[in-house]
**Student:** 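Here it is, the structure, as structure tokens.
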Amino acid sequence: MDYSSSNLFVQMGEWLANPDNWSGSRGIPMRIIEHLGYVGLTMLFAMLIAVPLGMYVGHTGKGRVLIVSGIGILRALPTLGMVFLFALLFSRGVLPAVWALVLLAVPPVLSGVYSGIASVNSTVVDAARSMGLTEWQILSRVEVPNGLQVMLGGVRAGVLQVVATATVVAYAKADGLGVFLVEGTQVNDNGRLFGGAVVIAVVAVAVDGIMALLQRFAISPGLRAARPAARSEKESGRQEAVASAQGGTT
Amino acid sequence: MDWLRDIIDYVPANIDQLRELTGNHLVQAILPIIFGVLLAVPLAQLARQNRSLAGIMLTGSSILYTIPSLAMFVFLPLILGTSILSMVNVVVALTIYAIALLMRSTVDALNSIDDGVRQAAVAMGYRPLRRFLTVDLPLSVPVLIAGVRVISVTNIATVSVGALIGVPSLGRLFTDGLTRNYPEQIAVGIIFTLLLALVLDLLLVLLERLLTPWTRPTKASEADDVALDARTVAA
């Protein structure tokens, strides 16, 4: 692509403004859909694994040490290496990349679900038990609604990491938003390189914003009304801190 | 089990390269931790004293935290004027993430200190700076270290990503391994990365023991340690 100036900011702007880059199977919208497809598929698998496991451990308290150390080891795993290793060992297809990303998404979701359930005040749980609720009812009607905000904080941290890291998939298999960075470097097209980086950053911030809204609206109205305004503000600040600490972009 | 032999043989055959890449990797992972702590603590104290500033800083840092590292590694040379292959970009990017993460937890840690302790220090004649350095700061060390442990693990993993744009680190083993179709090389990179993360984490646990002698576990409190570990993961 030809640019009118050698200034990198100008090239970035021209690449982003060029309508050719906004259409077709190699255009920005299609790449965003591919990227979000990876994120959706990864989160689906990660939640199928992490949500039941986190609920079980949070509710029963069994296996706590095991999952805490498991989470620690998974967190240390370099996702870039796992994506490339799976690409070589299995195939350069969609699923090996998704499995590598699932390893990244499980720790934040699992620790969010587990600590959300475990953080519910034990007197509340005991009160429910003494009223004759079964263990399953306690989990679904008491622990999940009360721990939901922390649980969603974990999911949000997971989504954020997967959105960020799915860019590396482009180096093994040419899809997703990382493609603009790969191509930009290969053909020395700085407009595409920096423009692509802008698109990645905007998508990440937008997705995180949507997750923040979901987190806010998914809270049981009973919990929202019960707290005085000042205190709930402080609480959500604390939980956001929990959520942000669970993260770490890649 | 040929692949296992290949992995084991790879290490002595490439020891010089591994040593160099590990060194680069450690520099890029550890410097941001040090800079992050040095910057986040004063910023957190500033944020506590000025509420409107706190809002701006916390929102700003959480937006920066959201920007993916690969995009950040590409942007920073443009802003800093550094070469795209420079380790400075990775160090600056990871420092930004470290500040974003630490500032929040440090504000919470400083806020959670018992007011009675502070007033006792004031009553003993401590001036604000000395009180901050000798009372507030040591008491928030456990929270600070918990944050630093999260950062150190994620940094060790994230530094590899720099290899995609050519910054030298253990991530080079991943990019090389992919282009040469050599999974054993990637496996060596993953194992080395895991070991680095483990060693660094153990050192941080030791550091916490050294800095907080008053929390040294007695037999009775050992059971609480498990609970503390659980919270460390959650926080």
Side-chain angles (χ1 to χ4, degrees), chain A residues 8-9 12 64-65 68-69 71-73 75-85 87-89 107 111-112 114-115 118-119 150 160 163-165 167-168 171-172 178 181-182 184-185 193-194 196-201 204-205 207-209 237-238 240-242 244-250, chain B residues 58 61-63 65-75 78 84 97 100-101 104-105 107-108 146-147 150-151 153-161 163-166 170-171 173-175 177-178 181-183 186-187 189-190 193-194 196-198 201 226-227 229-235:
Chain A
L8 295 175
F9 285 100
M12 183 174 92
R64 202 166 53 181
V65 181
V68 168
S69 46
I71 287 169
I73 294 170
R75 274 224 169 101
L77 219 53
T79 312
L80 178 65
M82 298 311 290
V83 170
F84 287 2
L85 185 67
L88 290 186
L89 291 184
S111 72
Y114 156 72
S115 45
S119 71
V150 178
L160 181 61
V163 169
T165 311
T167 47
V168 309
Y171 290 82
L181 303 185
V182 178
T185 326
L193 178 64
F194 295 115
V198 171
V199 175
I200 292 169
V205 173
V207 169
D208 191 54
R238 189 185 66 82
E240 255 178 62
V242 169
S244 74
Q246 280 157 2
T249 42
T250 307
Chain B
L58 288 177
S61 65
S62 67
I63 292 176
Y65 190 81
T66 313
I67 297 176
S69 54
L70 192 55
M72 200 83 115
F73 296 161
V74 171
F75 281 137
L78 206 59
I84 196 158
Y97 296 139
L101 211 153
R104 248 220 170 106
S105 58
V107 169
D108 290 340
V150 173
I151 294 170
V153 171
T154 44
N155 274 8
I156 292 281
T158 310
V159 165
S160 316
V161 176
L164 291 177
I165 50 170
L170 286 173
L173 300 175
F174 305 150
T175 50
L178 185 73
N181 208 345
Y182 191 4
I186 298 180
I190 292 172
T193 316
L194 283 177
L196 279 191
L198 187 72
D201 198 54
V226 179
D229 279 345
R231 252 177 287 137
T232 309
V233 167

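Numbered from 1 within each chain, the chains take letters A, B, ... in sequence-line order.
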**Student:** Can you tell me which portion of A/I200 sits under 4.5 Å from chain B's heavy atoms? Options are side chain, backbone, both or neither.
**Tutor:** both
**Student:** When heavy-atom pairs shorter than 4.5 Å are enumerated against chain A, which of B/V153, B/L78, B/L170, B/L196 gives the highest number?
**Tutor:**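 Answer, by heavy-atom pair count under 4.5 Å with chain A: B/L78.
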**Student:** Can you tell which part of A/V198 gets under 4.5 Å to a heavy atom of chain B, answering side chain, backbone, both or neither?
**Tutor:** both
**Student:** What residues, two or more places apart in sequence or in another chain, satisfy ring pair (Phe, Tyr, Trp, His ring centres under 6.0 Å) together with A/F9?
**Tutor:** none
**Student:** Taking only residues two or more places apart in sequence, or in another chain, which ones meet B/L194 in a side-chain contact (heavy atoms from CB on, under 4.5 Å)?
**Tutor:** A/A76, A/L77, B/I190
**Student:** Please state whether the side chain, the backbone, both or neither of A/L85 comes within less than 4.5 Å of a heavy atom of chain B.
**Tutor:**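 When you check distances to chain B, atoms from both the backbone and side chain of A/L85 fall under 4.5 Å.
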**Student:** Would you mind checking which part of B/I84 comes under 4.5 Å of any heavy atom in chain A, side chain (CB onward), backbone (N, CA, C, O), both or neither?
**Tutor:** side chain
**Student:** Starting from the C-alpha separation in whole Å, work towards a yes-or-no answer on side chain to side chain contact (heavy atoms under 4.5 Å, CB included) for A/T79 and A/V168.
**Tutor:** CA-CA 9 Å; A/T79 312; A/V168 309; 5.5 Å; no
**Student:** Could you please spell out the steps behind the side chain to side chain contact (heavy atoms under 4.5 Å, CB included) verdict for A/L181 and A/L193?
**Tutor:** CA-CA 5 Å; A/L181 303 185; A/L193 178 64; 3.9 Å; yes
**Student:** Please state whether the side chain, the backbone, both or neither of B/I156 comes within less than 4.5 Å of a heavy atom of chain A.
**Tutor:**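 The answer is neither part of B/I156.
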**Student:** Which answer fits B/Y182, side chain, backbone, both or neither, if we ask what part of it has an atom under 4.5 Å from a heavy atom of chain A?
**Tutor:**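 Backbone only.
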**Student:** Please answer whether the main-chain N or O of B/S69 pairs with a side-chain N or O of B/Y97 as donor and acceptor at a distance below 3.5 Å.
**Tutor:**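 Yes, the answer is positive, given that a donor and an acceptor are paired below the 3.5 Å cut-off.
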**Student:** Could you tell me which portion of B/A71 (side chain, backbone, both or neither) has an atom closer than 4.5 angstrom to a non-hydrogen atom of chain A?
**Tutor:** both
**Student:** To check you understand the geometry: which heavy-atom pair defines the closest contact between A/S111 and A/I71, and what is its length?
**Tutor:** CB-CD1, 3.8 Å
